[in-house]
Amino acid sequence: MEAYVAPPVRVHAAVGAAADSRATAGAWPPSRGVAAAAAAPLGVARPARAARVGGQWPRRRCSLAAAHGRRGRPAAQRGVVVASVGGEVPSSTTGGSGAAAATAATSGPAGAALDAPCDTEVLLYDTTLRDGTQQEGISLSVMDKLRVVEKLDHFGVDYIEGGWPGSNAKDAEFFDRAATLSLSNARLVAFGSTRHKSATPDSDANLAALLDSGAPVLTLVGKACAYQVRVVLGATPQENLDMIGSSVAHLKAAEREVMLDAEHFFDGYKADPAYALECVAAAVAAGVDAVVLCDTNGGCTPWEVGTITAAVGAAFPGLRLGIHCHNDCGMAVANSVAAVRALSGTTCGCVVQGTINGYGERTGNANLTTIIPVLGLKLGVPLRVAMASLTSVSRFVDEVANVPQVGGAPFVGASAFAHKGGIHVAAVLKDADTYQHVDPGVVGNATRVLVSELSGRGNLLSKARELGLLREDASVAEVDAWGARARNVLGQVKALEHAGCTFEAAEASVELMLRRSADGYRSPFAMLDFSVLTGLRSGGGPGASGEADTVTRATIKLELLGGDGASGDACPIRVCLEVGEGNGPVDAVNAALQRALRGAYEVLGEVFLSDYKVRILDAERATAATTRVMVEMRDGPRSWTTVGAHPNIIVASVQALLDGYEYVLARRMPECAGGYADVPEADEAVSEGAGLGVPVSAH
Ligand SMILES: CC(=O)SCCNC(=O)CCNC(=O)[C@H](O)C(C)(C)COP(=O)(O)OP(=O)(O)OC[C@H]1O[C@@H](n2cnc3c(N)ncnc32)[C@H](O)[C@@H]1OP(=O)(O)O
Ligand SMILES: CC(C)C(=O)C(=O)O
């Protein structure tokens, strides 16, 4: 056995050079009876053992491409996204995917690339519904799976692996129901393993379930590593080759498109390249349409994957290859991209398997929401997907799977284009390219500016612009005035964050500070005082059990804008005394506030308190610790968050509550807004995650 030895690191040149020197036809290790490939039809190197598997050496062609009927057509005819490399965007039709946006995506100095464009047709193969559901905590219903299929088909992936019909009744039902879907872009794939070593193809239940699924594409997992074959299957190397060959042949006889997922391929190749290649050859001999090389344990590096993939490509030049990577070293995306690059210039393209949001067993699979834009926008690979829907697809799948979004996910995360540092924001205001590697709109995401103690004036000015307070057509005097206000509000933000507030997730409080700083702003109300009483109420009385009950009562005194008009003042003020009871002190104050404010201002409509979060900031101070309170209010689909901080939890809560009510009144009552009465409400907070593919607003 000849073990794989990693080549010395040679950046850029490594892949091609290694492929040339190690894996040109006939050059890969001749151990295990591998014949020289000079006579192999279509240049496929022939291991001697492969002849025993399939009998006759098959003629190979890229039958997947034929199945799709797309090979050879120029990108422009396929309606692909062709993104720029090196700041230049080839002209293309985009099928609505946004060539113009793609141009913007990589224009400017940040778009300059050293790599040559990658010349490989890539077919995107989504396995969210199969390998993705192997992630701890994910379980999808049949209905969930069907919804995801429709979304992914619409998005434009080429293959959707729906599950393993031989595994469970749910997946079998899924394929029954999926048969009625009419997909416009994707081909549905059913997944299963090669036949059991003790079964014949005809008697194998798993192969039967695959055929029964009715799926047009069937993917078989077959082992490509002698160690795994011995330990896990308890089979001989030859038995495994027979299992691969006979299983593929059985499915091909039913005229399905068949792929082999060569499990543990890279580890197998590193230990014994000849045997790993014999496994591929066994599938090829049986007529497989594509062989997908798997880094099953996720332990490979991009240079290993690139080198080995190039070697396999050179050994089987007529065969369509694919890549399937796991993320155990955090390199699944890099490994997948390395495989695509290694196949650049080959004629059969590359099937790239992965999952939306990187779901998958252990640390996950290669994340398609990263691979897709990297291939499309950085390597210039033509893809058929609607790139501008990428963020929405990611959030949709998280929603269906009930998995929290990863804010820092490249391209699609809520923080992917969120700028916090004052220096960054000041630069982004001059030119977004200064701190963004692509235009977020190209992937359906949006630039966001966060306000915190790390802000500079620019962050506040940007907020004022976003809110329509500082208009595009503002005069020099107005811009100057807002510059001074921004400086002032910035000072408040820094002082309040020092006192325990945090404004990143409480943008309604920031907006209020900006509005209050504007000329002519009038607070709709002011709290003059409040008191809360908590005690025990006797449950006595005739016939009662006598058990004591808690009572919590709040009394508030407010000054309200508006009145009976008798004073003749355009904005008269009246004083209101109100009482509320509740489960606890904050509930009681809120009840009193609602009663007072709803009575005075109809615009409050159905506003209610939807979330209340408390965090103790300096726990070591025990009961004297500062408390931060975040309050979320909601009115129909809209929500907004405010913050308060104080050593007294009730005071912190009341601060946040008052801001929450003032925020909505300030937006809806022209008499509060001063010169900013006509601020549109269209951009009002939409709760995080609710808007798919729209800028995420965290009010
Ligand atoms: C790398 C991957 O992600 S591969 C996909 C992994 N996903 C899953 O396993 C999810 C679905 N799995 C299942 O529902 C079940 O494991 C089933 C239905 C496939 C099998 O269940 P069981 O028959 O009870 O077997 P069990 O799971 O205990 O053991 C797996 C069997 O598959 C065999 N097997 C494993 N890989 C292969 C293969 N590539 N080809 C043929 N047989 C295989 C094993 O040898 C073992 O059989 P044995 O015990 O006779 O040696
Ligand atoms: C079955 C294959 C595709 C797999 O999940 C792996 O090898 O990682």
Side-chain angles (χ1 to χ4, degrees), residues 125-136 138-140 159 161-172 174 189-201 203-210 213 217-237 239-248 250-251 258-269 276 279-280 282-283 290-300 305 321-329 332 335-336 339 351-355 358-366:
Y125 182 121
D126 181 277
T127 177
T128 307
L129 301 178
R130 199 278 299 172
D131 221 355
T133 60
Q134 287 178 217
Q135 173 163 316
E136 184 172 6
I138 292 189
S139 171
L140 300 179
Y159 295 96
E161 193 173 78
W164 182 326
S167 162
N168 57 72
K170 189 201 281 175
D171 280 6
F174 163 80
V189 186
F191 177 91
S193 65
T194 52
R195 69 167 169 79
H196 194 268
K197 74 169 184 199
S198 62
T200 62
S203 67
D204 190 81
N206 175 57
L207 294 183
L210 280 171
S213 74
V217 186
L218 305 176
T219 293
L220 286 173
V221 53
K223 300 211 187 294
C225 168
Y227 153 77
Q228 298 278 345
V229 168
R230 178 171 47 81
V231 173
V232 179
L233 298 183
T236 65
E239 279 176 320
N240 180 52
L241 295 177
D242 291 342
M243 286 159 68
I244 293 172
S246 61
S247 302
V248 170
H250 184 69
L251 301 185
V258 178
M259 296 197 203
L260 176 76
D261 277 357
E263 196 191 7
H264 299 289
F265 181 84
F266 291 96
D267 291 343
Y269 186 97
C279 294
V280 175
V291 173
V292 178
L293 311 179
C294 301
D295 181 23
T296 304
N297 293 356
C300 288
V305 169
L321 291 176
I323 184 74
H324 176 112
C325 294
H326 280 263
N327 202 33
D328 300 70
C329 290
N335 285 342
S336 307
V351 178
V352 176
Q353 296 191 348
T355 60
Y359 302 162
E361 191 128 356
R362 305 185 306 278
T363 56
N365 281 60

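Every number for a ligand or one of its atoms is a count from 1 in the order of the listing.
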For this session: Would you kindly specify which portion of E361 sits under 4.0 Å from ligand 1, judged on non-hydrogen atoms: side chain, backbone, both or neither?
Result: neither

Exercise. Would atom 34 (N) of ligand 1 count as contacted, meaning some protein heavy atom under 4.0 Å?
Worked result: yes

For this session: May I ask you to identify the nearest protein heavy atom to atom 48 (P) of ligand 1, giving residue, atom name and distance to one decimal place in Å?
Result: H196 NE2, 3.6 Å

For this session: Check I244 against A282 and note the closest heavy-atom contact, atom names and distance.
Result: CG2-CB, 4.3 Å

Problem set entry | Nearest protein heavy atom under 4.0 Å from atom 3 (O) of ligand 1, yes or no | yes

Exercise. With a 4.0 Å heavy-atom cut-off (strictly under), which part of V232 contacts ligand 1: side chain, backbone, both or neither?
Worked result: backbone

I'd like the atom pairs linking ligand 2 to the protein - N or O on both sides, separation under 3.5 Å - with distances to 0.1 Å.
{"from": "ligand 2", "atom 1": "5 (O)", "to": "R130", "atom 2": "NH2", "distance (Å)": "3.4"}
{"from": "ligand 2", "atom 1": "5 (O)", "to": "D131", "atom 2": "OD2", "distance (Å)": "3.0"}
{"from": "ligand 2", "atom 1": "5 (O)", "to": "H324", "atom 2": "NE2", "distance (Å)": "3.1"}
{"from": "ligand 2", "atom 1": "7 (O)", "to": "T296", "atom 2": "OG1", "distance (Å)": "2.5"}
{"from": "ligand 2", "atom 1": "8 (O)", "to": "H324", "atom 2": "NE2", "distance (Å)": "3.2"}
{"from": "ligand 2", "atom 1": "8 (O)", "to": "H326", "atom 2": "NE2", "distance (Å)": "2.9"}

Problem set entry | Per-residue contact class, R130 against ligand 1 - non-hydrogen pairs under 4.0 Å | side chain

For this session: Given side chain to side chain donor-acceptor pair (under 3.5 Å), test T219 with Y125 step by step and report yes or no.
Result: CA-CA 11 Å; T219 293; Y125 182 121; 2.8 Å; yes

Exercise. So which bit of E263 gets within less than 4.0 Å of ligand 1, heavy atoms only: side chain, backbone, both or neither?
Worked result: side chain

For this session: Specify whether the nearest protein heavy atom to atom 23 (O) of ligand 1 is under 4.0 angstrom away.
Result: no

For this session: Could you tell me which atoms of ligand 1, counted from 1 in the order shown, lie closer than 4.0 angstrom to a heavy atom of M243?
Result: 40 (N), 41 (C)

Exercise. Heavy-atom distance from atom 50 (O) of ligand 1 to the protein below 4.0 Å?
Worked result: yes

Problem set entry | atom 26 (P) of ligand 1 touched by protein (heavy atom, under 4.0 Å) | no

Exercise. Quick check: does any side chain N or O of N335 sit under 3.5 Å from a backbone N or O of D295, one acting as donor and the other as acceptor?
Worked result: no

Exercise. Are any of the protein's heavy atoms under 4.0 angstrom from atom 13 (C) of ligand 1, yes or no?
Worked result: yes

For this session: Answer yes if a protein heavy atom lies under 4.0 Å from atom 46 (C) of ligand 1, otherwise answer no.
Result: no

Exercise. Atom 39 (N) of ligand 1: protein heavy atom closer than 4.0 Å?
Worked result: yes

